[in-house]
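Worksheet for the structure shown next.
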Amino acid sequence: MRRVLVIGGYGGFGARMSRRLADDGWEVFVAGRSLLKAQQFCTGRSNLLAVALDRDNGIADALATYRPFAVVDAAGPFQGASYEIARACIAARCHYLDIADGRDFVAGIAALDEAARAADVAVISGASSVPALSGAVLRELTPGMENINAIEMAISASNRATAGVSVTRAIFSYIGRAIRVWRGRRWSIAYGWQDLRREDFRVAGAPVLEKRLVGLADVPDLALLPERLPGRPAVTFRAGTELTLQSLGVWAMSWLVRWGWLQRPARLLPVMLAAQRVTSVFGSDRSGMIVRCFGRSNGARTERRWTLVASDGCGPEIPGLAVPLLLRRLRDRTLDAGARDAGTLLSLADFAPALDAMPMRHAITTHALPPPLYARVMGAAFEALPPKVRAMHEVLRDHGASGRATVTRGRNPLARIIASVIGFPPEGEHDLHVSFGARDGVETWTREFSGRRFHSRLSQQDGRLVEQFGPLRFGFDLPADKSGFTMHIRRWWLGPLPLPIALAPRSVAREWQAEDRFQFDVPISLPLIGLIVHYRGWLE
């Protein structure tokens, strides 16, 4: 019988994994700092042996004493951790696996590849929900997609699946902190546990988990997938608990961290854990996971979606499913030596027997997506636009372009005040980047002139394009010709209130193709005040 040493083997995820490995025929050394807790966990269970082990001191001695076939690190947190345990395993010539979700830790594990190959052992990081299961799902979703624009994932945990200290510490490591995300065709900055969204988890035969609130989480997939998938898609991962109040509390804390008012959020860890225990009587025992892939299939705009709903409190089993699968392959010598993340090693079919054996439902669905916003507004005229103009407005979940712009500001003091309030860029020559995001028929445009951003939201109303800047909305007609189209203001509103068209801004914006580039010219002025701002340039 081959031996496996599981560090953190009696913890929240480690305990479930240890039992699975024992049932799979492994002799499992359940290791942790408390020998008493390890013994209590192992009592009465076959193939489980208790071991006292401090993961920060004594790992080399433990490897020499127990000589395991493999070590599984299920302790964490892995944010900011070193590779000392993995290096010790390489030196002892035993395999290493972990269930890390720390972005830098998992994405950087390939630094040990040469040493692992020389020792003829496998070093595998991220053998958990991400990136092992998420990667397996995406390999099922993406075949046949000519181009992938965006990947969006979310996990919502049952409130009764109480997070342990390590998981909570991992979350606290990025709350309100800057996170690098690939969006709008470039790397940009978002903030942990912000960018909140409501998510529904729907699978035939399972209860619907509606309007679960999830916020941005920092996981390895954010770094791995843009380089791994065709089209270099935007990647977003969100997480949350089922109780809205809990998620809003963490969201509020993220702003305190982002503003610098809370320098050490980890100090609040005992308070958060206590609050979680008190509220654990509320909510349900159901968790959900969703992976969405947006792109084109046979030329059609398509969303492919994998959704899982876990009932009866079995959601916490999911992070421990990949390790037994990978250990079987190591035992059968069907997995090569070397160091890499687990995101490319398993298929959804590998996970299916374990998922289907529990009270879970999961399914893949395909959804046809409507035409882009400008195509809906312009109808047949959109298809007649020059290719560079049309391509700029074929937004499918995420899009982006870069170029140059020249900005002129009005001289009237009131014009300058209005431009500043709206957030129009300062006068001068600028590097320009525009990010386009589409969701539920509405596009969000983020224009960045030399680092200064302003946003607008675009939608369709009564056959017109409507663009919103703060409380002001403008309705445009879009007459087109063979070179491009113009934008004519026909209505405007302050909130829901219509305003007199005679007082509307004067603006005839134009977009066209020239010199094999998308060109734009946007003048904006007001009656009696004159020019507010005029920006023109190109994008590609």
Side-chain angles (χ1 to χ4, degrees), residues 149 184 301 368-401 405 418-419 421-425 434-447 453-513 518-529 531-537 539:
N149 288 66
R301 294 159 56 91
L369 300 175
L373 173 61
Y374 275 69
R376 298 197 302 273
V377 173
M378 299 179 71
F382 182 80
E383 294 302 323
L385 290 173
K388 298 293 184 181
V389 178
R390 191 171 62 250
M392 194 62 60
H393 293 288
E394 290 181 329
V395 181
L396 176 53
R397 213 64 175 186
D398 181 86
H399 192 29
I418 294 171
V421 169
I422 294 177
F424 288 132
V434 183
S435 298
F436 311 85
R439 183 181 176 89
D440 299 330
V442 177
E443 293 183 4
T444 299
W445 289 18
T446 302
R447 305 164 181 87
R453 299 181 181 182
F454 75 98
H455 309 267
S456 66
R457 289 166 57 85
L458 293 93
S459 58
Q460 183 182 16
Q461 181 178 326
D462 299 329
R464 288 193 173 101
L465 180 76
V466 175
E467 185 165 17
Q468 179 175 350
F469 298 89
L472 293 172
R473 294 183 298 133
F474 303 90
F476 296 92
D477 284 343
L478 304 177
D481 57 32
K482 62 180 181 181
S483 64
F485 66 89
T486 53
M487 302 176 65
H488 295 265
I489 296 177
R490 298 305 187 205
R491 296 190 67 187
W492 69 312
W493 302 264
L494 176 61
L497 301 176
L499 299 176
I501 193 64
L503 300 179
R506 305 296 190 256
S507 176
V508 180
R510 179 161 180 78
E511 299 181 6
W512 73 99
Q513 179 176 322
F518 170 84
Q519 310 278 343
F520 62 90
D521 190 311
V522 184
I524 303 173
S525 61
L526 280 172
L528 304 179
I529 295 175
L531 180 68
I532 304 297
V533 69
H534 184 182
Y535 54 93
R536 56 198 182 276
L539 289 165

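By convention here, the first residue in the shown sequence is residue 1.
Using a 4.5 Å cut-off on side-chain heavy atoms (C-beta onward), Leu385 and Met378 make contact. Taking the side chain as every heavy atom from C-beta outward, Pro386 and Trp512 never approach each other to under 4.5 Å. Counting only heavy atoms from C-beta outward, the side chains of Glu394 and Phe382 approach each other to under 4.5 Å. Using a 4.5 Å cut-off on side-chain heavy atoms (C-beta onward), Pro527 and Arg506 make contact. A heavy-atom distance below 4.5 Å is found between the side chains of Met487 and Leu478. The shortest distance between side-chain heavy atoms of Pro372 and Arg301 falls below 4.5 Å. For the pair Glu467 and Leu465, the minimum side-chain heavy-atom distance is 4.5 Å or more.
The distance from atom CG of Asn149 to atom CZ of Phe436, rounded to the nearest 0.5 Å, is 12.5 Å. Here CZ of Phe476 is found 10.5 Å from CZ of Arg490. Values are rounded to the nearest 0.5 Å. In this structure, CZ in Phe520 is found 14.5 Å from CZ in Arg510, a value given to the nearest 0.5 Å. Distance NE2/His534 to CG/Asp521: 3.5 Å, rounded to 0.5 Å. Atom CZ of Arg464 and atom CD1 of Ile489 lie 11.5 Å apart (nearest 0.5 Å). To the nearest 0.5 angstrom, Gln460 atom CD is 11.0 Å from Glu443 atom CD.
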Test side chain to side chain contact (heavy atoms under 4.5 Å, CB included) applied to Ile529 and Ile418, step by step: CA-CA 10 Å; Ile529 295 175; Ile418 294 171; 4.0 Å; yes
- request: For the pair Val395 and Leu373, evaluate side chain to side chain contact (heavy atoms under 4.5 Å, CB included) and give the outcome as yes or no after the intermediate values.
  value: CA-CA 8 Å; Val395 181; Leu373 173 61; over 6 Å; no
Derivation and outcome, side chain to side chain contact (heavy atoms under 4.5 Å, CB included), residues Asp462 and Arg491: CA-CA 11 Å; Asp462 299 329; Arg491 296 190 67 187; 4.2 Å; yes
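In this structure, Thr444 has no side-chain hydrogen bond (donor to acceptor under 3.5 Å, both in side chains) partners at least two apart in sequence or on a different chain. Every side-chain contact (heavy atoms from CB on, under 4.5 Å) that Arg473 has, sequence neighbours left out, goes to Gln461, Val466, Gln468, Trp493.
Between Leu526 and Ala504, the shortest heavy-atom distance links the atoms CD2-C, 4.4 Å. Residues Arg376 and Pro371 approach most closely at NH1-O, 2.6 Å, considering heavy atoms.
At least one donor-acceptor pair under 3.5 Å links the side chain of Asp398 to the backbone N or O of Gly184. The main-chain N or O of Val434 is never found under 3.5 Å from a side-chain atom of His399 such that the two would form a donor-acceptor pair. In terms of modelled atom types and a separation under 3.5 Å, the side chain of Arg453 and the main chain of Gly423 share no donor-acceptor contact. Side chain of Trp492 to main chain of Pro500: a donor-acceptor pair is present (N/O by atom type, distance under 3.5 Å, no hydrogens or angles).
Glu511 and His393 are linked by a side-chain donor-acceptor pair at a separation below 3.5 angstrom, with hydrogens and angles left out of the test.
Below 30°, between 30° and 60°, or above 60°: for Tyr374 and Phe485 the angle between ring planes is between 30° and 60°, a tilted geometry.
In the displayed structure, Leu497 atom CG is contacted under 6.0 Å by more than 12 heavy atoms of other residues, nucleotides or ligands. Taking a 6.0 Å sphere around CZ of Arg457, one finds it holds 12 or fewer heavy atoms contributed by other residues, nucleotides or ligands.
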